[in-house]
Structure formats: C-alpha cells, structure tokens
Number of protein chains: 4
Amino acid sequence: MARTTVRARRDADRAGADAGAAERRKQILTEAGRLFAKQGFEGTSMREIAAATGLLSGSLYYHFASKEELFVAVYEANIRAVGEAVEGAIEGIDDPWECFEAAAIAHCEALLTGEKTSILDAKFPPVLAQVRSQLIRARDEHERLFDRLIAPLDLAADIDRVLFRLHVLGALNSAILWYKPSSRLTPADVARHVIKVLRYARQGAATAEVR
Amino acid sequence: MARTTVRARRDADRAGADAGAAERRKQILTEAGRLFAKQGFEGTSMREIAAATGLLSGSLYYHFASKEELFVAVYEANIRAVGEAVEGAIEGIDDPWECFEAAAIAHCEALLTGEKTSILDAKFPPVLAQVRSQLIRARDEHERLFDRLIAPLDLAADIDRVLFRLHVLGALNSAILWYKPSSRLTPADVARHVIKVLRYARQGAATAEVR
Amino acid sequence: MARTTVRARRDADRAGADAGAAERRKQILTEAGRLFAKQGFEGTSMREIAAATGLLSGSLYYHFASKEELFVAVYEANIRAVGEAVEGAIEGIDDPWECFEAAAIAHCEALLTGEKTSILDAKFPPVLAQVRSQLIRARDEHERLFDRLIAPLDLAADIDRVLFRLHVLGALNSAILWYKPSSRLTPADVARHVIKVLRYARQGAATAEVR
Amino acid sequence: MARTTVRARRDADRAGADAGAAERRKQILTEAGRLFAKQGFEGTSMREIAAATGLLSGSLYYHFASKEELFVAVYEANIRAVGEAVEGAIEGIDDPWECFEAAAIAHCEALLTGEKTSILDAKFPPVLAQVRSQLIRARDEHERLFDRLIAPLDLAADIDRVLFRLHVLGALNSAILWYKPSSRLTPADVARHVIKVLRYARQGAATAEVR
DNA sequence: GATGAATGAGGATTCATTCAT
DNA sequence: TATGAATGAATCCTCATTCAT
C-alpha cells in the first residue's frame, strides 16, 4: 500500500552501497528473506525486493535468474543458518537429552527470533513445484541432523524414531503459527516444554496400562 | 466489503425452500476447498473455481461476494467437518486417554484423508488480513474442543496444559507437510504414535532426573 | 460500498408496495432519478436502482427495456418537472422582466433543490449516443419556453436573443457545479443575481463606448 | 493510492536528462486528454489510451500509477493550458473591460478549439471522489485569475463580484454543451457576446426602475 | 552492474442483460 | 409481475520478465 520510493531507499543506502556483487547478493538475500517471511512467496513482488535493496526490479535479474531461484537461495540460507545455530548450541554437550534439548532450543530460537526463517514449515505453493526437490533436499539435511541427535536417546522400545523426529519438529515448528514475541514466554521456554513432555518417554518409564 | 450474498438473503427470505442455490453453494464450496487445499489461496483463481463448478467466473459472485468470503466459508466448513468428525469419534468413550486418542485419530484422518482440509494449518497470507479474525475464531473453537479433552488427563504436574495442547496439535497437523497416502502408514497410525509418546507423560511417571 | 440488502428495503416498503405497474414505474423513476443525479449514469448500476426500489435487477426489465431507456424516461420527467415549475411560477405575471426573473428563480430552485434534476446540464456520455436525440429534444422544449420569455424583453438592440438565452441558462445551470445548500445563499438569490446583472442590458441603457 | 510514479522519481533523480520518458508522458497525456474529452472518464478505458499511444495497457502504469492519477494530470495540464492562453491574451492590455474581454475570448477559444479541455466543467463522477480536491484546487486557481480581472471593472454597486465571476464562467463554459465548430459562429463571437451583455452592468448605468 | 521502459498474460471484480420458472 | 441464477465481455491493475543502453 504505502510503497517506498526507490529514491528514498537509495539516498539512505548510498553509504555502504557500491559493494561487490557478492555483497549485493547478500543484501538481496537478506531483504528477500525478510519479505518472504512476512508476506509469503506469492505475496512478495520482485519490485518490492528490489526496492528494499535499493535497486530497480530489472537489476535483480543480474543476480538471480528468477524469483524461484531467489527463493531457493533464501530458503537454503535460512536452513543453513538454523543448522549452524543448532550445531553451535550442542557443541561440547555430552548427555543425549541435554544435547537434544539444546538443539531444540536453538532451533526454536532461530525460528522465532528474527523474521527470517518462518518459511521453514511452508507447504510450498505449486508455483514452486519446479524447485520443490531442491527445497526438500535442504530441509531433509536439517532433519537428518535431528535424526543424529535422536538416535542415542534412550527412548521406550515401542517408539519409532522417525515418527518421533517428525513429532518433535512438528511440535517445535508449529510455534510459528501462534508464537507472539510479546508474550512472556521465550522461544526457549517453548522448546523446553516440548522436550520436557517428550523426556517422559524414556526406556523403563512406567506406561503399564497403555494398550 | 460488507456486501450481501445469497446466503444472507436466502436464510432470511425463504427458510429452507429452493434447494437449487444451496446446492450450488455446496458445489462451489467443495470445488473451492479442493483447489485451495491443493494450490493455496493465492495459487487458485476464481476462474479455476468457476470452471470446476461448471460456471463462468462472474457467476461465482452471485454466491460469494469475494474470493476472501469464499475462502472463509471453505475454511469454516472444513473446521466444522473436522470438529464433527472428532465429536463423533469420542462419543461414548469414558477413559480420558482413550478419548484423547480417539480424538487425535479422527482429527488426523479428517486432515489427511480427502483433499479438503489441509488448509487448517495455514499461516494465512497477508491478502487474507481482513478476514484473519474470522479464520482464527473458527480455529480457536476447534482448539477449545481439545482443551476439554486434555483437562481430565492425569498429566505430570509440571506440564502446562495450554502448551501441551499446542504441542499435540502441532505434532498432528504437521503430518500434512510430509504424509503421503501411498505410504504403508495410515493417518490413524500417525495419530496413535503421537499419543503413544505423550501418554508417557502421566502423573507418577518416573522422570526423576529431569531438571 | 455499504450496500443495502434487498431484504432490508423490502421489509420497509412492503407497506405501500404491490401497487400497480404504473405505480412501480413511478417508484423506479424516482429512485433512478435520485441515483442518476447523485452518481451519474455510468456510476449507477441497475442493481442499485432495483435494490432502491425493492426489486431484483432482473425485474427492472419488465418496466424498462434498457438502462438507456430508463435514463431517458428519468430525464424527460425531470425536464417536465422543471418546466411545470417554471410555468407555475410565471402564471399571472405581466411585466416581462418580472416574469423572466420568476422563471429563472423557479428554474434554479427546481435545479438546486431536491436531488432530482442536476442531470439537466449533462454532457451526455457516449454510452447515451443512441438516445441523445431524444434527450436533446426534451431539453430543447424547455429552452423554447425561455425563448418565449425572452422575446418580449426590451433588450438593447445589439443583443442576439438566441445567444442571450444560452447565456442565461448557462449562468443559471452552472450553479449546479458550485452551489452548496449549506451556504447562506438560496437558489433564488443566485437566480436573482443573474437576472439583476442581465437587466442592465435593456434598450436605451447607456453603453456608449462599447465597440 | 500513494504510489510512486515516474514523475516523482525523475524530477528528483536527473533534472532534465533523458527526454524519452518525459516525451512518452506527454504523448500519453495528449491521447488521454483527447479521449477523456470525447468520452468522459468512465467511458475511456486504459486499454484505449494505451493503444492510442502505441503501448500495451500494462505499460501505462509505469508512467501513471492509476487511471485517477492520469486523469488528474490531464486535468491540470488542461487548466494550465487555458490559464496560459488567457495570460498571454491579456498581456499589455490596459483597459479593464478590454482586458476582461480578451480573457474571455482566450478562455472560450481554448475551451472550444481542440478537443482537449472540455473536461473543464465536469461534474466529476463519484469515482473521482478521492482526487476531487486536487481537481478543485486546479480549477480554483484558474478562477482566481478571473477574479483579478473582475476586480478593476467599474461594475454597478449592487453587483456581487463573486457571483459575477461564477456568472461569466458559467455562461462561457456552457458553450461546450451546445457549440458546434461547424457553426458560422466562432468561439470568439460567443465570448464577445457574453461580455457585450455584461458590459451594460457598469457603474452609472441606468437601471432606475429595477425593483 | 544497473537502469528505464516496455511487455503481455493473468488477476479479481462489475455489470447490463437474459430467461426459465 | 417478479425472481433467481447465470452470462460473458469488459474493467483496472499487477507482475515476472526482457533488453537495449
């Protein structure tokens, strides 16, 4: 609605602008990520992204061949960022459950803090059909990281570890749908509660009468 | 925005008479639901919906004042359908956990069977901002149903029942993102596994060392 | 924007409704006149007119074959109304200038009071090309009435009576463009001032140096 | 609504450079002016305007953010053109009435010659409600020019100069409704006759018996 | 590397009109 | 007389993309 003049953006950016192409790419990725997260893929126009980066829409095509390609790049960057956050968080932790919890917290924080990654859970619109496989590959990689964390957990024998991984990530990711930063709950609180619930399902736990 | 559509007019004018229009409305709702589920709100054009119903695009507007209004109607119908399925499934079951599981199964089946309700988890695109409140109201109602089922569960004392509800629904709904009907897993299997994991978190369960 | 439900109108009208066809025609003419005056020909939809009369749009076509025909009927009725007002106002007045002034006042009042006749001065949109001749014929008749009033005026010899008539009516009609009922000026004041100015242009008036 | 168009951008960015776009803007303005004059605002489609300029309809939006904005631009250009014509015509004339007449002639010629300015008198359709204030501001400016010409006239004491201005412009502008270039009357003739009539209303003129 | 200008298909929506009932 | 349902063309506008400069 209240769009921003290119000129306005330009005047503001001119400082650090004129950076190399790699720099520009990063700028575009940042702004596109922010906009995709807030407005979705279809709700964000190339012109908007261009304007936010201090460019005109045509110039985007020097850096990315299409809107889809740009989205994939954003998505991969986001997943990678979450992955790195998680790996950083678990470094040096030995206890499997502690490690698992630390990972969940890092994942949740990366997801809910900053505008960038809410795309994670997207049921990609059909416009993205052509690049779906790339997106899924990126997501899978992240999920395998969780598989590695789940493997050493002393889960009750009747628990399927794949379904368990889907369960955790589903519970964590869904926070995007309801979490409000204004709440007195931190993203870490949310993650901790999810893990707290799951932690009951350890081997030897008493669930006698479960059918 | 506040226009008048057939529903308004007819409900008032003629009680139940003239099945014709109501029939059409239902047809449109069905087709729109299918298409929205498959392609998302923005990915589905009014022309497509019209064509699927055997109409021309203009004719849709006799029944629904706007694409948004149509979406709200579809969404409400879908939530209602899931709600009814759940209520039907728990009828006559006394044991709280049995009841909870039955509800989860019904919820999951309604979600994953048929194309109609995958919209449930939508992070609504900003185009729908104007009607967001209606959508959220519908969703809330469904979630309160789960609150009623969670209340009597003998959960461990350190579990927050609101976060628990968000956890369950998050885990269940996320199946939409990965579930494939072709799999050897039934929707019920998925739901059952989620509940199986959660069931460990009952009162008196041994989780001694959890910090 | 804020449209009115058919039902609402209906409930209200039901009292005097069910009148004969002639009655209905008159109702339609009234409402259409009001709407055309306020919103113009193109800015008024048949549905709007129908709703204002307590009908559905299709029903209008029983009374008028097309939107254009309806407009012509409204226009003619309006012109006739102004004409009758003028004729009523000059009845019994002998002095030519008194008579002329009375006519101007009546014309102006009919024009500025009530919503109905602001159409008078319309530069008809090309949509109305087919019926233009009918509209112009109606207008001409009204203008000939003014010709009859101008004929006996003792105007200065160098004044062309046809151009004079166009001048008066132009000055009077243009009030529609700026007149606001809220002003302390009455429509009669406006008309009186126009005539006051023109009255100077009588025979024998001293305008020596006019080239 | 508050979007950015080329004008804004360019005025700022590059002073007078790059005649291309400015050229196009002028072309569009010309064609749009012609079409609006002939067919009215609602009767003219953006496609038509585009086609007349040798563009596709989408391309128009690079230069003007909306049909309304385009109309405002046309309107302002037209008013400005008439204003300039009038100012040119009165240059160097000392006698107030001569000056007034010269202005009237120029105004009338600008109005009736060329297709461009017949919009002047428009009772703007409600579609233009949002921009009405801009249109009125433009018109007011032109009318103030006439106020300056009327001020020094030696009008009879009982004449209100504001109503007098409205009277003149009403009489002049209304010519649009009936004037046909084919007639043996020139636009100047029309203007001259209007002024001739008004010139009688000078101070000291004999209007003794007026009530 | 970036721009300005244009493309052209596609979007939702409106509307006068028709016609069987 | 009136209705309900549908028509289909037309409307304004958006947008990813292209390409000469």
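Convention: sequence-line order gives letters A, B, ...; per-chain numbering from 1. Computed from a predicted model, the values in this text were never measured in an experiment.
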What does [X] touch in the nucleic acid at a heavy-atom separation under 4.0 angstrom: a base, only the sugar-phosphate, or nothing?
X	result
B:Leu55	sugar-phosphate
C:Thr44	sugar-phosphate
B:Ser57	base
D:Glu68	sugar-phosphate

To the nearest Å, how far apart are [X] [atom1] and [N] [atom2]?
X	N	atom1	atom2	value
A:Leu60	F:dC19	CG	C1'	16 Å
A:Tyr62	E:dA2	OH	P	8 Å
D:Ile28	E:dG4	CD1	C1'	13 Å
B:Gln27	F:dA6	CD	C1'	13 Å
C:Lys67	E:dT14	NZ	P	15 Å
A:Gln39	F:dT14	CD	P	15 Å
B:Glu23	F:dA6	CD	C1'	17 Å
A:Glu42	E:dA12	CD	C1'	15 Å

Please tell me which of the listed nucleotides, [options], lies nearest to the side chain of [X]?
X	options	answer
D:Leu56	F:dC13, F:dT17, E:dG8	E:dG8
D:Ser45	F:dT11, F:dA6, E:dA12	F:dT11
A:Met46	F:dA16, E:dT17, E:dA12	F:dA16
B:Tyr61	F:dT14, E:dT14, E:dT18	E:dT14

Any side-chain heavy-atom pair of C:Gln134 and C:Tyr75 under 4.5 Å: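 When only atoms from C-beta onward are counted, C:Tyr75 and C:Gln134 do not touch, as no gap falls below 4.5 Å.
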
C:Lys67 side chain to C:Thr44 main-chain N or O, any donor-acceptor pair under 3.5 Å? yes

Go through B:Val127 and B:Glu42 one step at a time and tell me if the side-chain contact (heavy atoms from CB on, under 4.5 Å) criterion holds. CA-CA 8 Å; B:Val127 200; B:Glu42 327 220 25; 3.4 Å; yes

Need the pair for F:dT21. Rule: Watson-Crick or G-U wobble, both distances under 3.5 Å, any strand; none if unpaired.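 Looking at the geometry, F:dT21 pairs with E:dA2.
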
Could you let me know what E:dG8 is paired to, Watson-Crick or G-U wobble, both distances under 3.5 Å, or none if it's on its own? F:dC15

Check whether any side-chain nitrogen or oxygen of [X] sits under 4.0 Å from OP1 or OP2 of [N], and answer yes or no.
X	N	result
A:Ser59	E:dG1	no
C:His63	F:dA2	yes
B:Arg47	E:dT13	no

D:Glu48 versus D:Gln39, side-chain donor and acceptor atoms under 3.5 Å: yes

Which sits closer to the 5' end of DNA chain E, B:Gly58 or D:Gly54, going by the nucleotide each is nearest to? D:Gly54

The test is side-chain contact (heavy atoms from CB on, under 4.5 Å); show your working for D:Tyr62 and D:Leu55 and say whether it passes. CA-CA 11 Å; D:Tyr62 181 78; D:Leu55 294 175; over 6 Å; no

Which atom of B:Val131 lies closest to which atom of B:Glu68, heavy atoms considered: CG1-CB, 4.2 Å

Using the P atoms only, state how far F:dT21 lies from E:dG1, rounded to an integer number of Å.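 E:dG1 and F:dT21 have their P atoms separated by 22 Å.
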
Pick the nucleotide of DNA chain F nearest each of A:Ala65 and A:Gly43; which residue has the one closer to the 5' end? A:Gly43

